[in-house]
Asker: 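Sharing a structure with you now.
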Amino acid sequence: MCGIVGYVGQHQALPILIKGLKRLEYRGYDSAGIAIQNGRGLQYAKSRGKISALETSINNQKLVGTTGIAHTRWATHGEPTTVNAHPHLDCNHTIALVHNGIIENYRALRSELTAKGHHFVSETDTEILAHLVEEFHGNGTDLCEAVRLALSQVKGTYGIVVASAKEPGTLVAARQGSPLVVGLGKNEFFLASDCAPIVPHTKEVTYLDDGEIVKITEEKITYKTIDDRVIDKAVEKIGFDLDAIEKDGYDHYMLKEIMEQPQTIRDSMRGRLLLEEGTARLGGLAHDLDSLLYARRILITACGTSWHAALIGEYMLEEFVKIPVEVEYASEFRYRDPILDTDSVVIAISQSGETADTLAAVREAKQKRSKVFGICNVVGSTIARETDAGVYLHAGPEIGVASTKAFTSQVTVLALITLLLGRMRSISNARGRRIAQELEELPERVAEALESADQVKAIAEKYHNCRNFLYLGRGYNFPVALEGALKLKEISYIHAEGYPAAEMKHGPIALIDENMPVVVIATQDSTYDKIISNIEEVRARNGRIIAIATKGDKEISKHAQHVIYVPQTLEMLMPVVATIPLQLLAYYIATFRGCDVDQPRNLAKSVTVE
Ligand code: F6R
């Protein structure tokens with residue numbers, strides 16, 4: 001949510017910052033802005049809308065200089081107008097500041113600063129930061145110290161980068177709750193909300209932790225804490241290459257990410273499956289395995305798509321590991337008084353590892369002294385670092401705002417955890433080997449499911465003007481129905497609901513008429529006969545059935561207008577395979593409707609605000 005970039009070095013900052021912003025555009029695209037500092041002061045440009053609009057607006061301006069900051073916004077306080085776009089400036093336009101996060105006490109600070117004579121131009125919470133830094137900067141207080149003093153008065157979350165006309169060639173950045181990465185090049189430094197803008201320039205990075213501040217000049221970098229202790233930071237290596245964040249010839253990142261799932265699922269399992277022993281090896285859990293193995297209760301917490309993966313995890317763990325599992329929205333968990341004891345373990349699932357609600361749930365669980373495990377995709381992310389142990393997805397950067405490959409990797413990793421724990425508790429070697437073998441073959445099954453793309457596209461063309469969709473599934477496929485509906489609504493803006501198929505007759509059946517497409521996940525599993533009855537209930541009311549069925553099922557075409565076949569796999573793994581046509585359906589419907597698939601309205605990837 002909001003993307004920040006900063007550059008200090010010997011090259012012109014403008015093209016580096018614009019390219020960097022484009023790589024972060026998935027984090028927000030309401031408005032964008034840039035400030036360049038040179039020996040003569042600060043020059044800036046802002047624009048409503050996407051980064052391309054910013055580029056157009058600076059076409060004729062000469063923003064020259066080798067130090068600068070830039071921002072792409074997802075609005076929290078104040079409409080997405082040009083005046084609300086970042087960077088924000090102080091009264092004298094000496095200080096420019098970009099911010100990701102929310103300043104909670106901004107109203108009080110704004111009144112105080114207004115009383116002192118500061119003049120505000122925007123409706124944002126961020127602008128108070130520029131004025132607060134202005135209060136301290138000057139008269140012997142350098143920018144870094146001024147930022148530090150200002151932040152000591154602030155409540156809320158921030159990742160900020162600040163430039164001052166009084167200190168050419170210097171940037172100061174700080175973090176509390178919103179991620180910031182520092183890229184370490186040769187005589188140049190980069191700052192960004194994640195590694196994507198940095199990786200074309202250098203793979204060496206440091207990750208700022210909460211309460212830390214960094215001062216960067218062309219020659220030197222100094223880290224300290226907001227309470228003024230000088231610290232060292234470990235240099236880490238970015239674990240992916242530039243190609244991982246390119247579109248690779250696809251029209252959209254989402255399509256690329258859907259199509260690369262056979263590979264990303266393979267990557268999630270690499271070195272982790274032990275086929276002979278019929279189990280899994282998960283290095284990240286090794287030291288804390290006992291607390292999972294002997295837990296009396298597992299609570300999985302997550303948001304959105306990751307929450308759907310968690311539901312599938314619940315089914316798997318209860319079936320094969322026989323430990324009671326509860327799944328809770330992180331946003332609810334953090335504000336309830338959840339009952340946790342030392343025998344309960346918490347698993348937090350997050351692609352980005354930065355989702356504010358999930359992070360708060362992690363902190364709440366730790367506060368209550370529970371062991372907390374993380375399942376994250378982004379290496380070095382806050383949740384990955386704050387949990388006691390965990391497993392990375394290794395699915396590579398997910399850039400499309402709608403999560404696809406992360407979901408299938410989350411389910412795959414949950415299956416690996418289930419296999420590992422299940423084998424240590426009750427599953428026989430033979431059963432373990434069967435699961436391991438099916439996992440090994442899962443990438444091929446997914447590749448086969450992707451072959452339905454042309455058929456799914458034709459169905460999408462037929463139904464893309466519908467105003468509502470219903471998705472039904474049972475058992476392991478119920479969360480798949482939820483996920484299919486979420487994908488459709490977020491990128492095509494069609495109202496869609498997912499339901500456990502049998503619940504339909506308790507209400508939603510009233511919605512069904514000849515204009516209602518009903519997507520039913522009807523693969524051949526333990527609930528097959530029941531779901532055929534549910535399909536008949538829809539047909540009797542003239543609903544249009546799009547069935548996701550198992551290859552070789554001849555019966556199903558008697559019940560459905562359209563059948564999309566997917567290959568057979570174990571019931572517990574079917575969500576991975578059955579989700580593929582639903583991702584494609586959402587993608588093609590959205591493209592037929594002319595929607596911006598990678599950057600759907602009102603959304604942003606990595607929801608770092610509550
Ligand atoms: C939906 C989607 C969101 C995320 C949710 C959690 O396609 O992407 O629902 O799943 O915001 O994000 P993470 O997994 O990063 O915590």
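Just so you know, ligand 1 is whichever comes first in the structure, and atom 1 is the first atom listed for that ligand.
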Asker: Between Tyr463 and Phe469, how do the two ring planes meet: parallel, tilted or perpendicular, split at 30° and 60°?
Answerer: perpendicular
Asker: What's the shortest distance from atom 11 (O) of ligand 1 to any protein heavy atom, and which residue and atom give it?
Answerer: Val607 CG2, 3.9 Å
Asker: When you compare the side chains of Glu483 and Thr305, does any donor N or O come within less than 3.5 Å of an acceptor on the partner?
Answerer: yes
Asker: If the cut-off is 4.0 Å to any non-hydrogen atom of Ser352, which atoms of ligand 1 fall inside it?
Answerer: 13 (P), 15 (O), 16 (O)
Asker: Quick one: nearest non-hydrogen protein atom to atom 6 (C) of ligand 1, plus distance?
Answerer: Cys303 O, 3.4 Å
Asker: Measuring from atom CD of Gln599 to atom CD1 of Ile399, what distance do you get when rounded to the nearest 0.5 angstrom?
Answerer: 10.5 Å
Asker: So does Asp209 pair up with Lys233, basic N to acidic O under 4.0 Å?
Answerer: yes
Asker: Using a strict 4.0 Å cut-off to heavy atoms of Lys487, name the atoms of ligand 1 that fall inside it.
Answerer: 1 (C), 7 (O)
Asker: Given Glu260, which of Arg266, Lys405, Lys247 fulfils the salt bridge (charged side-chain N to carboxylate O under 4.0 Å, His left out) condition?
Answerer: Lys405
Asker: Checking a contact table here: which protein heavy atom is nearest atom 13 (P) of ligand 1, and how many Å away?
Answerer: Thr355 OG1, 3.2 Å
Asker: Check whether any side-chain N or O of Asp125 sits under 3.5 Å from a backbone N or O of Ile103 as a donor-acceptor pair, and report yes or no.
Answerer: yes
Asker: Taking only heavy atoms of Ser350 into account, list the atoms of ligand 1 that are under 4.0 Å away from them.
Answerer: 13 (P), 14 (O), 15 (O), 16 (O)
Asker: Compute both the distance and the angle, then confirm whether Arg601 meets the cation-pi test with Tyr493: under 6.0 Å from the six-membered ring centre, within 45 degrees of the axis.
Answerer: yes
Asker: Counting from 1, what ligand 1 atoms have a heavy atom of Ser306 closer than 4.0 Å?
Answerer: 10 (O), 13 (P), 14 (O)
Asker: Does Glu490 approach ligand 1 within less than 4.0 angstrom via side chain, backbone, both or neither, non-hydrogen atoms only?
Answerer: side chain
Asker: Distance under 4.0 Å to a non-hydrogen atom of Ala402: what atoms of ligand 1 satisfy this?
Answerer: 7 (O)
Asker: Looking only at side-chain N and O atoms, does Thr382 offer a donor or acceptor that is under 3.5 Å from a partner on Glu354?
Answerer: yes
Asker: Just jot down the ligand 1 atoms closer than 4.0 angstrom to any heavy atom of Gln351, in number order.
Answerer: 13 (P), 14 (O), 15 (O), 16 (O)
Asker: Give the numbers and elements of all ligand 1 atoms closer than 4.0 Å to a heavy atom of Val401.
Answerer: 8 (O)
Asker: Among protein heavy atoms, which sits nearest to atom 4 (C) of ligand 1, and what does the distance come to when rounded to 0.1 Å?
Answerer: Thr305 N, 4.0 Å
